[in-house]
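So the structure is just underneath, and the comments pick up after that.
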Amino acid sequence: MSLAADLATIRALMRRALNEILRVPGAAIPGVLAPTIFFLGLTAVFGNLTLLPGFTSDSYQSFLIPVSLMQGAGFTGAATGVNLARDIEQGWFDRLLASPSPRPVLLAGLVASASLRSLIPATVLLIVGFSLGVHWPGPGGLAIALLVTMGMAIVAAAWGTTVALKFKTQSASPLMQAGILLVILTTTAYAPLELLTGWLQEVARYNPVTQIVDAARQGFVGDVTWAETWPGLVALIGLATLLLALALRGMRRTAD
Amino acid sequence: MTGGLATNLRVVGALGRRAVRQTFRRPQLMAPILIFPTLLLAIQVGGAGRAVDLPQFPEVNGFLDFMIAGAMVQATMLAGNSGGIALALDIEMGFTDRLLAAPISRFAIVLGRLVGTAALGAATAVWFLAIALIFGAQIEGGVGGALLIVLLVTLCAVAFGSIGSAIALRSGSASVVQGLFPLVFVILFLSTAFFPESLLLEPARSVAEWNPLSFIIDGVRDLVISTFTGTQFVEGLAALALLAALGLGLSAAAMRGRLQRG
Amino acid sequence: MPAIETRDLQRVFTGDVVAVAGVDLTIERGEIYAFLGPNGAGKTTMVRMLTTLLRPTGGSASVAGHDVVTEAGDVRRAIGVALQEAALDPLMTGRELIQLQATLHGLPGDEGRSRAERLLAWIGLANAADRRVGTYSVGMRRRLDLASALVHEPNILFLDEPTTGLDPVSRKAIWEEVDKLNREGTTVFLTTEYLEEADQLADRVGIIDDGRIVAEGTPAALKAEVGKPHLEVVLADGTMERAEEILRRFGNPLPSKDGAALVELEHGAAGVAPVVRALDDAGLAVESLDLVRPTLDDVFVAKTGYHLEGSDEETSVPEASEN
């Protein structure tokens with residue numbers, strides 16, 4: 001298939017993914033509001049952790065908001081997987097598979113929409129956060145945070161897609177959602193690395209998502225530097241590549 | 001009461017056994033109720049554990065000791081939600097109609113379901129006590145304290161179960177009950193589930209002050225982090241009684257409403 | 001080169017479930033071929049293998065000259081597919097669906113749009129084209145599914161139970177459309193559990209049971225194999241012996257049934273008139289006279305020992321017809 005045809009397919013699949021939000025009133029609201037509600041709750045509960053010596057910020061909200069952005073991206077990506085599982089169960093996916101569209105193009109169509117949709121909960125979160133005094137990260141910091149959010153959505157969508165293709169049922173949804181949440185929270189989510197305790201500190205040290213969270217945290221906490229940015233980008237690209245490869249393999253194996 | 005005491009007790013027993021079987025026979029349903037709060041517990045202990053160094057933090061052996069109570073209560077809320085979903089499914093399926101057509105007390109139906117939730121509550125308490133001991137927490141209240149914890153947590157499950165039942169009876173829809181699941185977390189944020197009241201920020205702090213959940217959690221927590229303090233225990237019990245009364249009252253009203261509507 | 005060809009095609013699922021146990025097929029271009037069989041016979045599995053959705057576990061298959069496993073992309077380009085579940089998105093409109101299908105097949109935007117218009121008009125859905133598919137009746141959805149399978153003008157069309165659940169009027173409409181397509185040169189491979197569908201539409205029928213083809217041929221040939229038509233005569237005064245005596249002259253007698261005398265007629269309907277004249281000449285008053293032809297169900301019973309499910313079409317619940 002020509003490049004123009006492939007791009008048209010990706011666009012068409014992305015447009016279809018938007019129908020869920022645009023054509024079903026209220027369907028999108030839980031996913032859009034949930035990260036903000038958790039943000040508000042967690043900052044109210046754990047806000048005073050900033051009193052600990054060694055905490056890198058005096059504003060827990062500024063510290064936490066990148067985590068909430070990742071959470072929003074994670075839920076959006078997981079939703080892609082849930083929708084795919086439903087499409088598989090109902091036979092819609094066969095329509096895509098029986099067409100001559102190359103599998104990578106189909107995958108790109110599924111996953112690309114997640115990255116754009118992740119900007120919706122992100123926007124709500126940032127508006128609420130800034131109005132509550134979250135530190136302004138500057139245009140560079142904001143751009144990086146949003147880029148990382150979109151990247152994380154792709155990672156989550158690739159994960160959701162892989163799980164959906166493996167189990168072919170919507171009852172695998174909790175695995176999609178819990179998996180992503182787990183990976184985001186076992187990082188410097190609640191506190192800086194040095195202040196984490198026990199097993200969590202060790203896991204966070206080696207969890208690539210920690211780099212991603214730290215990259216998104218720039219500007220909200222501390223300055224935006226290349227040294228803080230590149231590890232997150234590498235982790236993001238690495239995870240995305242790995243999970244997209246798994247998802248593609250899953251897609252190719254649907255005929256087995 | 002329709003049917004006489006002996007009959008109704010038998011019915012409650014039978015329905016209770018069914019509820020317990022339903023819960024424990026399908027581990028994939030039970031897992032989220034136990035696994036999720038346990039994972040969250042592990043993450044929060046690791047993430048916020050240094051809080052014990054803060055001057056305002058109460059005297060504890062470890063952050064885990066502090067957090068166990070909140071995790072238990074969270075699990076019972078999820079158990080109550082799950083019991084409500086099961087009852088709603090029974091209603092949707094028509095099973096409840098069959099029970100209502102029998103000469104038994106209307107309330108036996110709700111109580112039977114609550115027996116199942118209570119069993120789940122007790123299992124939750126035992127699970128988290130085991131987790132606590134395995135990972136180095138100390139139950140200051142001793143064996144007696146542990147038993148009182150099991151009691152409180154079981155009653156807690158019954159209280160939340162009754163609220164879940166009320167919602168199930170009122171709505172007759174499993175998806176409505178399921179939709180309230182996120183509310184569990186919101187209410188927990190506004191209590192002393194995860195952090196001491198003195199360290200919460202507004203508006204959580206003010207809400208937590210009078211949130212019955214805080215009293216319940218503090219009651220359980222007291223048995224873990226200090227030797228038995230009568231007042232905390234009684235306050236917790238009173239809050240539980242309040243919630244249970246509310247839940248059972250709402251359930252009765254919802255049941256009456258359902259019967260009237262036919 | 002045949003349109004569809006399979007050699008010992010097999011599919012075994014996990015747990016050693018044999019869905020297709022070795023099928024040889026040769027379907028020429030321009031044929032309408034029907035796979036007839038009960039639920040679970042392996043029809044859908046066959047279609048899914050031929051449309052590259054399922055990998056064979058044994059044997060080989062080629063569609064439009066391309067191997068379904070090694071040249072799957074080429075197969076997909078050449079075929080149109082309308083599967084059992086009429087896989088449509090309820091949130092999309094009919095027009096959007098056909099346009100999406102056009103995009104999936106690499107048709108440029110305007111080409112896709114104009115073909116969608118033509119197809120929607122052809123299939124009678126022009127008025128409903130901008131309504132969401134969720135509001136369509138079952139008949140409308142099937143027609144939309146069929147139309148979308150044609151957007152790239154494939155030479156080979158796969159239809160998996162195209163009229164299951166449709167009322168008789170909608171069913172006939174689909175048959176007409178399929179027939180029209182076939183006359184324009186499209187090869188059609190369809191699966192069905194309806195005898196009448198196979199009988200009416202197909203050039204050749206493959207009767208499939210338990211993953212194997214148990215009989216194959218034109219409907220007429222298959223039925224002729226099983227028996228000849230027979231005449232059932234009931235006389236007004238109920239006397240069978242005199243009737244049987246006369247009928248014997250025209251063909252093999254068969255055991256009588258419910259007071260009717262039966263005789264096999266070598267030449268079917270053509271042999272009726274002489275019988276009537278003979279009975280009339282003998283002064284016998286006829287109460288009823290029925291010419292009974294063998295059906296594909298008779299073929300099925302002969303080959304498998306049991307009746308085909310769905311052969312009793314009167315019991316199927318008709319869908320409300322579309323507005």
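We name chains A, B, ... by the order of the sequence lines, and we start the count at 1 in each one.
In this structure, chain A has a heavy atom under 4.5 Å from the side chain of C:Ser148, while its backbone stays farther away. Using a 4.5 Å cut-off between heavy atoms, A:Arg103 contacts chain C through its side chain alone, with no backbone atom that close. Proximity to chain A (any heavy atom under 4.5 Å) is restricted, for C:Glu96, to the side chain, taken from C-beta onward. Heavy atoms of A:Leu22 lying under 4.5 Å from chain C are absent altogether. Proximity to chain C (any heavy atom under 4.5 Å) is shown, for A:Ser2, by neither the backbone nor the side chain. At a 4.5 Å heavy-atom cutoff, the contact between A:Val24 and chain C is made by side-chain atoms alone. Interface residue A:Ala8: backbone and side-chain heavy atoms are both found under 4.5 Å from chain C. Heavy atoms closer than 4.5 Å to chain C are found in the side chain of A:Arg16, but not in its backbone.
The two residues A:Ala255 and C:Arg11 come nearest to each other via the heavy atoms O-NH1, 3.7 Å. Residue C:Gly73 comes nearest to A:Pro100 through the heavy atom pair O-CB, 4.2 Å, listed as atom of the first residue, atom of the second, then distance. A:Gly91 and C:Ala87 get closest at one heavy-atom pair: O-CB, 2.9 Å. The heavy-atom pair separating A:Asp94 from C:Arg48 by the smallest distance is OD2-NH1, 2.8 Å. Nearest approach of C:Leu104 to A:Leu96, heavy atoms of both residues: CD1-CD2, 3.6 Å.
Taking a 6.0 Å sphere around NZ of A:Lys168, one finds it holds more than 12 heavy atoms contributed by other residues, nucleotides or ligands. Within a 6.0 Å radius of CZ in C:Arg29, other residues, nucleotides and ligands contribute more than 12 heavy atoms. Atom CG of C:Asp8 sits in a crowded spot, with more than 12 heavy atoms from other residues, nucleotides or ligands closer than 6.0 Å.
With rounding to the nearest 0.5 angstrom, the CG atom of A:Leu97 is 6.0 Å from the CG atom of C:Leu53. Atoms CG and CG, on A:Asp256 and C:Leu54 in that order, are 8.5 Å from each other to the nearest 0.5 Å. Rounding to the nearest 0.5 Å places CG of A:Leu7 at 12.0 Å from OG1 of C:Thr103. The line from CZ of A:Arg95 to CG of C:Leu88 is 5.5 Å long, rounded to the nearest 0.5 Å.
In terms of modelled atom types and a separation under 3.5 Å, the side chain of C:Arg132 and the main chain of A:Arg23 share a donor-acceptor contact.
Per-residue heavy-atom pair counts under 4.5 Å with chain C were compared for A:Gly109, A:Ala98, A:Ala5, and the maximum is reached by A:Ala98.
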